[in-house]
Amino acid sequence: MKREDSFSRGRIKRWLIEVVCVLLLIASCFFAWVIHSDYKNNYKQIQQQYYRLICGEIVHNMESGIRYGKDIERFYGMDTVFEDMYRYISPTISAYILNRDGGLLYSAGNRGISRAVLTSSVIQSNLIQGSGGAVVTDTLDDGSDVMLFPIHKPDGAVAGGLVLVIGGNEYRDVFNAELRHTVRTTLIVALSTMLAVVLLISLYPSIEQENARKRLLGIVLLLTIVSMAVQGTAGFLNLQRQYKASMVECGDNIAEYIGNLVERVHEKGIEYEDMDGLSEFLAERVNQTSLIWNMKVITVIGDSNEMLAKAGQSTYTINLGVSGRRVQQLQFELSEAYMGDELTKLLLTFLSTAIVMMAAIMEINRLPVILLQRKDTAQKGKAGAAVTPASLRLAAFLVYTGNYTCMPYTAVLIRERGLALAGLSVAATASLPITVECIGVIIGIYILNKIGHRLSSRLLLFIATGMLFVLDLLCIVPGSAAYLIGIRAMCGLGGAALKTALNRFTAFGGESADISGNVAGINAGILGGIMCGGSLGAIISSVTSVYTTYAVAAAIVAVFLILTLMMTGSEALADKGGARRSGGGFFALVRDRHVLLYMIFVLIPLNVGLMFIVAFFPSFMEAAGKSILTSYGYIVNGLAGIYIGPFMERALAKKLGSRKSLALVMGIGAVAIFILGFDRILSITAMLSAILMGIFDEYGNPIASDYFLSIPAVKKVGASEALGYMSIVALIAQSASPVLYGQLALRRAGVPRRHLPAYGGDVPGKRPVRPVHHLSLRAGHARRGGAGAAVYGLYKKIPAGAGTEHQGACR
């Protein structure tokens with residue numbers, strides 16, 4: 001017996017070491033990828049401000065020519081224009097002038113334009129379809145960036161566009177240098193942490209008891225926190241230095257370009273102090289970039305600016321010419337507010353990434369114990385215990401993490417590409433994917449409840465995960481609105497098969513009390529999955545592109561299938577839901593008075609509340625100008641649901657009874673919505689609202705399930721089939737929620753922020769500059785609170801109405 005116990009103890013420790021080390025390595029590598037991707041994204045955005053300034057000047061001159069009668073189709077002197085442009089940008093960047101229909105008019109070096117460029121979203125939606133007037137960007141499959149600068153006629157119509165194609169290797173040396181530093185730091189931190197974990201688990205005296213295992217996992221979590229903190233701090237300090245260097249480099253280039261424009265006027269014999277409109281000229285140029293706070297032309301008598309720059313100051317100069325034997329300089333200051341906003345966004349990204357990784361590690365760390373328990377119960381012949389609340393919680397966590405990582409982004413793709421379906425507006429079309437997917441699940445569950453008894457749960461799992469894996473990857477392939485919506489409808493059918501299998505596992509081999517525990521386990525997993533999936537999707541889309549979310553979702557679905565097969569006994573996998581009972585089916589069930597009242601007053605409100613964090617909270621925060629807090633809404637909602645909700649359920653459910661508990665739940669939901677009306681402290685009330693809705697869901701669902709399963713009409717139908725029918729009603733409520741919440745959010749609807757401002761327009765985080773009549777100009781960068789530019793940053797892809805529109809899926 002001692003030998004067997006020793007073997008089991010050694011096996012548990014070995015599995016814990018393997019699982020924890022693999023998870024730590026994955027989490028560290030993901031963190032490193034976030035750091036590197038965030039740097040690449042930020043560096044590109046800084047460089048694009050420089051390109052926007054140069055190309056904006058060209059567009060301005062071309063629009064002036066068109067205003068005086070020139071035709072863009074026969075615009076003479078384009079070779080000279082391109083030659084002048086390449087004095088300031090890399091010769092490896094391709095430049096094109098396209099007409100209104102996307103036809104090539106002029107190109108630098110007579111290079112042809114690729115089909116990938118012509119079919120990119122910015123060309124299609126902002127030039128050919130004529131919906132755009134601002135500068136927009138896109139990222140192609142090969143990693144190249146496309147920038148479109150629309151050229152307008154005097155009446156405001158689009159005449160054509162200037163297109164820059166920046167190759168994926170343009171910044172290779174800069175990115176590789178940062179990558180080497182990030183990889184080196186990651187390996188040192190990850191290997192050190194894994195060594196500490198191996199020693200800790202190996203030397204830990206006793207893990208047979210559940211409390212001992214919980215203490216051990218608590219220490220592992222503490223090590224994980226320390227590891228993430230060290231890796232994040234090292235990455236933050238490195239990127240702080242890199243961002244400053246990037247801003248200085250781009251600021252120098254901008255100042256040199258503006259200085260050359262001023263010098264051209266000076267070379268014509270006009271002294272600097274006699275230049276009419278110089279202040280207005282500097283104001284317009286400074287207003288086109290967030291990098292520069294102040295720019296002025298000064299007469300130099302003595303200059304210590306070089307020493308100031310070495311001391312870390314933010315003032316820099318370039319030399320102009322000589323006027324009256326006095327040296328003239330163009331002086332500019334980098335925006336500390338812009339720098340602070342970028343670093344704040346970076347810090348928030350790191351923090352949310354660390355929280356998501358730790359939550360995932362803690363959930364998946366349950367796996368070794370689940371596998372041992374399953375094997376022990378199987379050896380003892382307890383078939384019913386082949387499905388446990390812990391295994392259902394982990395399975396639900398994985399599948400909902402994958403689902404919510406990519407769910408909102410079909411709407412983003414439709415908006416980004418400007419796609420429309422059957423005469424609908426783009427906004428209306430973008431509201432369809434989630435609703436159509438929910439309808440697909442409804443139809444699929446109804447069909448499977450009729451004929452699903454012919455299919456085993458194992459087969460349903462393979463069908464569901466196979467469909468979701470393939471369909472998620474197909475979303476990466478460009479297509480029409482009908483194509484994308486059709487894919488999400490088929491995803492709904494796959495989700496129906498998955499939900500049917502989970503319903504069977506929930507009801508397998510147990511009585512009402514066991515089913516209630518299984519429901520609580522699934523609900524905790526769902527909330528954890530929504531938290532991690534929503535935050536993960538926001539992080540991924542903000543540092544790369546929306547397409548990556550689909551690839552990550554497909555990978556998580558594959559992991560879900562593998563682990564679910566490992567955690568679930570063969571009896572449960574072979575189960576077909578049992579023989580259909582004579583309860584009369586769905587319509588007979590809903591005709592029962594108790595079931596009908598349950599649906600109206602409990603089931604529908606609970607599921608509308610479940611969609612709060614998905615269909616309302618992101619668009620509400622975006623409209624309020626606080627989209628940077630969206631990911632944290634997911635996090636606090638999930639944490640409250642996972643930890644506070646079950647605690648309240650254990651503490652209050654028996655004392656209050658089911659009816660009073662349900663009344664308390666509805667009161668919590670009402671308060672969560674009501675407090676959002678306090679605009680002055682919206683950052684606080686929004687987080688509190690997300691917390692309350694997490695409690696609302698996780699406290700309410702187990703109580704509601706117990707009440708539902710106790711209804712006589714439900715017992716006649718059977719738990720598995722009745723849960724399937726209730727899933728149909730729940731999904732109807734969920735599918736209607738985006739429309740309901742979308743109407744509520746319209747009152748705070750904001751302007752999409754994917755588009756960069758047109759030439760001469762406003763820049764995010766900067767107030768419009770009015771003409772001034774002195775040489776020293778301070779362009780109004782929004783310093784107060786530092787949140788102005790932050791709104792344009794981290795989680796900037798959230799569609800109004802349906803799901804989340806994390807803005808700018810294709811930057």
Side-chain angles (χ1 to χ4, degrees), residues 19-39 41-42 178 181-194 196-197 217-240 342-365 397-398 401 404-405 527-544 548-549 552 556 628-643 687 690-691 694 790 793-795 806:
V19 172
V20 171
C21 287
V22 169
L23 291 175
L24 275 172
L25 184 60
I26 293 174
S28 298
C29 290
F30 180 79
F31 209 164
W33 175 75
V34 169
I35 292 171
H36 181 62
S37 298
D38 189 272
Y39 172 71
N41 183 35
N42 186 277
E178 189 278 331
H181 182 279
T182 300
V183 169
R184 183 167 60 249
T185 302
T186 300
L187 289 177
I188 293 173
V189 174
L191 293 177
S192 300
T193 307
M194 285 190 286
V197 167
L217 291 178
I219 299 174
V220 169
L221 177 61
L222 181 61
L223 286 174
T224 304
I225 293 173
V226 173
S227 175
M228 295 291 176
V230 172
Q231 186 179 2
T233 301
F236 180 81
L237 294 176
N238 177 53
L239 292 194
Q240 183 179 27
E342 291 302 312
L343 291 177
T344 299
K345 291 181 288 183
L346 177 66
L347 185 61
L348 292 175
T349 301
F350 286 0
L351 181 59
S352 60
T353 302
I355 293 172
V356 169
M357 291 298 99
M358 287 185 289
I361 287 173
M362 288 305 296
E363 290 296 326
I364 301 178
N365 270 346
F397 172 80
L398 288 171
T401 296
Y404 279 83
T405 296
L527 280 178
I530 292 174
M531 175 190 74
C532 287
S535 299
L536 195 63
I539 293 166
I540 292 171
S541 60
S542 69
V543 299
T544 56
T548 312
T549 64
V552 172
I556 294 174
I628 197 169
L629 298 176
T630 299
S631 181
Y632 288 88
Y634 277 108
I635 290 171
V636 298
N637 176 269
L639 292 177
I642 293 172
Y643 299 109
M687 293 300 103
I691 291 171
L794 182 58
Y795 305 111
H806 295 276

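Basis for what follows: all heavy atoms, side chains included, without hydrogens, waters or symmetry-related copies.
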From SG (C21) to CG (L191), nearest 0.5 Å: 10.0 Å
Pairwise side-chain contact, V230 with T185, heavy-atom cut-off 4.5 Å (strictly under): no
Side-chain donor-acceptor pair present, Q231, S227, cut-off under 3.5 Å: no
M357 and L536, any side-chain heavy atoms less than 4.5 Å apart: yes
Atom pair CG/NE2 of D38 and H36 - distance to nearest 0.5 Å: 11.0 Å
Close side-chain approach of L239 to E178, heavy-atom, < 4.5 Å: yes
Audit row: V197, L223, side-chain contact (heavy atoms from CB on, under 4.5 Å) steps and yes/no: CA-CA 8 Å; V197 167; L223 286 174; 4.0 Å; yes
Closest contact, heavy atoms only, F397 versus A359: CZ-O, 4.5 Å
Backbone of I691 reached by a side-chain donor or acceptor of N637 within 3.5 Å: no
Nearest-0.5 Å distance that lies between atom OG1 in T224 and atom CD1 in I219: 11.5 Å
Audit row: L24, I361, side-chain contact (heavy atoms from CB on, under 4.5 Å) steps and yes/no: CA-CA 8 Å; L24 275 172; I361 287 173; 4.3 Å; yes
For C532 against T401, the heavy-atom pair lying closest together: CB-OG1, 4.0 Å
Audit row: W33, I540, side-chain contact (heavy atoms from CB on, under 4.5 Å) steps and yes/no: CA-CA 10 Å; W33 175 75; I540 292 171; 3.9 Å; yes
Nearest non-hydrogen partners of V356 and S535, listed with the distance: CG2-CB, 3.4 Å
Step-by-step side-chain contact (heavy atoms from CB on, under 4.5 Å) determination, F30 to L25: CA-CA 8 Å; F30 180 79; L25 184 60; over 6 Å; no
Distance, nearest 0.5 Å, that separates OG1 of T549 from CD1 of I556: 10.0 Å
Euclidean distance, T353 OG1 relative to I539 CD1, rounded to 0.5 Å: 3.5 Å
H181 NE2 to N238 CG distance, which is reported to the nearest 0.5 Å: 4.0 Å
